[in-house]
Amino acid sequence: MEKEKKVLLDVKDLKVSFGSGKKKFEAVKGVSFQVYEGETFGIVGESGSGKTTIGRAIMRIYPTSGGDILYKGEKINGRIDKALDRKVTQEIQMIFQDPIASLNERAKVDYIVSEGLTNTTRLPKEERMSRVEKALREVGLLPEFATRFPHEFSGGQRQRIGIARSLIMEPQFIIADEPISALDVSVRAQVLNLLDKLQKERNLTYLFIAHDLSVMRFITDRIAVVHQGQIVEMAETEELYQHPLHPYTQALLSAIPLPNPEAERDKELIVYDPSMHHYETDAPVWSEIVPGHFVLANQEEIKSYKEKINAGISK
Amino acid sequence: MKNNDIILQAKDVVVKFDLRGQILTAIRNVSLDIYRGETIAIVGESGSGKSVFTKTFNGLLDKNGYIAQGEIHYDNRDLAAFKTEKDWLQIRGREIAMILQEPMTSLNPLKTIGDQILESITTRDPKLPKNLAKEKALQYLRDVGITDAERRYKQYPHEFSGGMRQRVVIATAIACKPKILICDEPTTALDVTIQAQILKVIKDMKEKYDLTVIFITHDLGVVANIADRVAVMYAGDIIEVGKTDEIFYNPQHPYTWALLSSMPQLGVKGEELFSINGTPPNLFNEVVGDAFAPRNPKALKIDFVKRPPYFEVSPTHKAKTWLLDPRSPKVEPPEHIKKLRDIKPIKFNN
């Protein structure tokens, strides 16, 4: 990257667990990553991998059981004072997966969009309404829509309402949890373009959580691959697609359906079996293979990964 | 396609729904031949009518929906003329079976999966002794790739993961020995790695049990993987149908162009993704002309006036667009969809 990268979000050894005693389940087992200002950082994994839990822990929906989450250098997990709480509530916003379930079906659009404002500020009604109008326009909806109910809209429009709801808070950091997986192919592109436009206009930072690697390549700058609560590989997006090292990343990439019948016929599927690692004697460590490309691997694997990357580059 | 005999033929089918007095025309004069032993994919956005159309094949339309016009020929019978549930019981499951999107809702949570497969087997063959039936059920479970079938046989659906449940659903469908298997978005709720496995199971089962597969999806990547032929649906009509290669490498209808263009794999980082403007037409109103015309920036005048008929591109490929009329101006498909051929699987130098 050209200019100095500024860390916006710093997650250090994050742990999240549910239940206690015998039933305790550790959904996130010590995850560390940094998100730079203005970038789109992707978290990819299968269902149950803990990717959504990571997002929700940052949103402070789930309490953390270990580690730190630093936003602009300040710790935001655990107990924090009121002023910081306010700031974080306003600056970090979330966009949800299901545009039907995430909107209150009994509320009108103006209420849904302005709810955050009502909760955090005391604005006069006209001011609030004009902000709702502005937010709706920005996401490509008409101001008249403010008096309608969510069921009157199509899936793509509902997702736009969800985006307007987070924009009205003038956030700096948006966590988007599978914002397009419930949408049709043709509408997906519209929503992605909108998110991209907003990022450029407002210098937003995105944390994009998804399972669809084909879309991730197009929108993210860096990607972390999560498997069973751990990040197994992290790199800049193109680097990850060019030189996927961890067998789990390879399995995910090999399974992407390609819209090209010829390629689809001679595609090889890689199946990931965690027992292929020999971690009993040689425990895996988080290591940087080439600058910016991290893999969770043991000493033996690190050696072979380094050889592989060097061979790949010299070719 | 091994041979070209038609197993199911839909002719000029119109399906309407009565919604509190308002009439919605969900399927507008659709004709489709389905050949024995093929896998045909029906692609379209939600609301395009792809599910509704296939539901007419086994009498699963909602109560307020009805076939207003047309014929559906299967095995010398006209399914469109079926009136009673008794008629349908001859067809549903035992001739034409269906797999639905959400594997949790299609299994009974209160019965072991063994019992659910047994139910399929004994309805089909009531006189079969119990031990033989169980043996068969275990065989079907192994067929769909469930390891340790003996133990799994006694378990309940909640003890299975999403992918495993979908395998069980496939087993229950196949246990009825159908000729046609309709798969309605069977992999949409699943992870990509699991999706690849389920697609493989469906392909294997098709080979093993000589099935004809109708595969409904909105994912063109899945279509490229599984289909021999593709039918593209838009606003209740099949606007283009052809062999998979013909649809991907020589598409004719502007909607097919648009659909292929919106594949994220064609995107270039930093540039806008292609997106289709507008929304599909409201099917409560009568659609005049080409239903896609209002969203097509290059639509011809006639597109707004007269509905195009099928024009033949090749003996296996036809499309409903005026662009194929010899009198219309030459409109080239967008340049970038030619790049579909360049999408290559990622190479792993392991």
Side-chain angles (χ1 to χ4, degrees), chain A residues 45-49 154-157 181 183-193 196-197 211-221 237-238 241-244 247-248 250-272 304 308 311-312 315, chain B residues 44-48 161-162 187-197 199-200 218-227 243-245 247-249 258-270 272-277 279-280 295 339-350:
Chain A
E46 289 180 280
S47 47
S49 62
S154 67
Q157 286 175 319
S181 35
L183 305 176
D184 265 319
V185 235
S186 67
V187 186
R188 271 180 197 186
Q190 291 176 12
V191 172
L192 288 178
N193 287 340
D196 190 49
K197 185 191 98 177
H211 68 269
D212 186 344
L213 274 161
S214 58
V215 175
M216 291 300 250
R217 183 174 199 169
F218 182 73
I219 49 178
T220 57
D221 299 307
T237 305
E238 267 318 297
Y241 280 81
Q242 299 295 336
H243 309 286
Y248 180 65
Q250 297 190 344
L252 280 183
L253 286 172
S254 78
I256 305 176
L258 306 166
N260 177 2
E262 277 171 10
E264 206 42 55
R265 265 169 234 143
D266 49 48
K267 186 173 85 170
E268 58 162 336
L269 258 185
I270 292 179
V271 178
Y272 176 55
S304 79
K308 218 189 285 175
K315 243 185 242 170
Chain B
E45 292 175 70
S46 44
S48 61
S161 67
T187 59
T188 311
L190 306 173
D191 280 319
V192 270
T193 47
I194 312 292
Q195 166 170 292
Q197 294 169 16
L199 292 178
K200 173 129 198 323
H218 64 260
D219 188 336
L220 287 163
V222 172
V223 173
N225 176 290
I226 202 163
K243 289 192 172 169
T244 306
D245 284 12
I247 298 291
F248 277 88
Y249 303 136
L259 207 58
L260 288 168
S261 302
S262 40
M263 293 308 296
Q265 280 94 341
L266 287 177
V268 180
K269 207 161 179 177
E272 273 211 349
L273 263 179
F274 175 88
S275 70
I276 311 173
N277 290 325
T279 45
R295 299 173 79 184
K339 282 195 263 170
L340 281 173
R341 263 184 203 274
D342 303 334
I343 297 173
K344 290 278 177 304
I346 294 158
K347 286 270 174 282
F348 307 104
N349 43 339
N350 286 342

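Quick note: numbers below take in every heavy atom, side chains included, and nothing from hydrogens, waters or symmetry partners. To find a chain, count down the sequence lines: A is the first, B the second, and so on, and within it residues start at 1.
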Visitor: From B:Thr193 OG1 over to A:Ile270 CD1, what is the distance, rounded to the nearest 0.5 angstrom?
Guide: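 Interatomic distance, B:Thr193 OG1 to A:Ile270 CD1, rounded to 0.5 Å: 12.5 Å.
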Visitor: For A:Tyr241, is it the side chain, the backbone, both or neither that has a heavy atom under 4.5 Å from a heavy atom of chain B?
Guide: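 A:Tyr241 touches chain B through backbone and side-chain heavy atoms alike.
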Visitor: Select one option (side chain, backbone, both, neither) describing which atoms of B:Val223 are under 4.5 Å from chain A's heavy atoms.
Guide: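 Neither part.
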Visitor: How close do B:Ser275 and A:Ala189 get, counting heavy atoms only, and between which atoms?
Guide: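 Nearest pair, atom of B:Ser275 first, then A:Ala189: CB-CB, 3.5 Å.
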Visitor: Of the backbone (N, CA, C, O) and the side chain (C-beta and beyond), which part of A:Leu269 lies under 4.5 Å from a heavy atom of chain B, both, or neither?
Guide: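 Answer is side chain: those atoms of A:Leu269 sit under 4.5 Å from chain B.
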Visitor: So how far is it from B:Asp219 CG to A:Asp212 CG, rounded to the nearest 0.5 Å?
Guide: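 Between atom CG of B:Asp219 and atom CG of A:Asp212 there are 8.0 Å.
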Visitor: Looking at every non-hydrogen atom in both residues, tell me the closest pair between B:Asn277 and A:Gln190 and how far apart they are.
Guide: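 In this case the closest contact between B:Asn277 and A:Gln190 is CA-NE2, 4.2 Å.
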Visitor: Shortest non-hydrogen contact from A:Glu46 to B:Asp191?
Guide: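 That would be CB-OD2, 3.2 Å.
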Visitor: In terms of heavy-atom proximity below 4.5 Å to chain B, should A:Thr237 be classed as side chain, backbone, both, or neither?
Guide: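 It is the side chain, since no backbone atom gets that close.
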Visitor: Going by the side chain to side chain contact (heavy atoms under 4.5 Å, CB included) test, name the single residue among A:Leu192, A:Val215, A:Asp196, A:Ile219 that passes it with B:Leu273.
Guide: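 Answer after filtering A:Leu192, A:Val215, A:Asp196, A:Ile219: A:Leu192.
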Visitor: Which one wins on heavy-atom pair count under 4.5 Å against chain A: B:Gln265, B:Gln197, B:Gln195, B:Met263?
Guide: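 If we count pairs closer than 4.5 Å to chain A, B:Gln265 comes out on top.
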Visitor: Looking only at heavy atoms, which two atoms of B:Asp245 and A:Arg265 are closest? And how far apart?
Guide: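 Smallest interatomic distance, heavy atoms only, reads OD1-NH2, 2.7 Å.
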Visitor: Counting heavy-atom pairs under 4.5 Å with chain B, which one of A:Ala263, A:Pro259, A:Ser214 comes out on top?
Guide: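 Max contact count across the listed options: A:Pro259.
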Visitor: Specify which of B:Lys200, B:Lys344, B:Arg341 makes the most heavy-atom pairs with chain A at under 4.5 Å.
Guide: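 Most pairs with chain A among the choices: B:Arg341.
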Visitor: Rounded to the nearest 0.5 Å, how far apart are CD of A:Glu262 and CG of B:Asp342?
Guide: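 Answer for the CD-CG pair, A:Glu262 versus B:Asp342, is 10.5 Å.
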Visitor: Starting at NZ of B:Lys339, measure out to CG of A:Asn260 and round the result to the nearest 0.5 Å.
Guide: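 B:Lys339 NZ to A:Asn260 CG: 13.5 Å, rounded to 0.5 Å.
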Visitor: Looking only at non-hydrogen atoms, find the nearest pair between A:Pro261 and B:Tyr249 and report the distance.
Guide: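 The answer is CD-OH, 3.3 Å.
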Visitor: Donor-acceptor check, side chain of B:Asn225 to backbone of A:Glu264, threshold 3.5 angstrom: yes or no?
Guide: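 Checked: no pair found.
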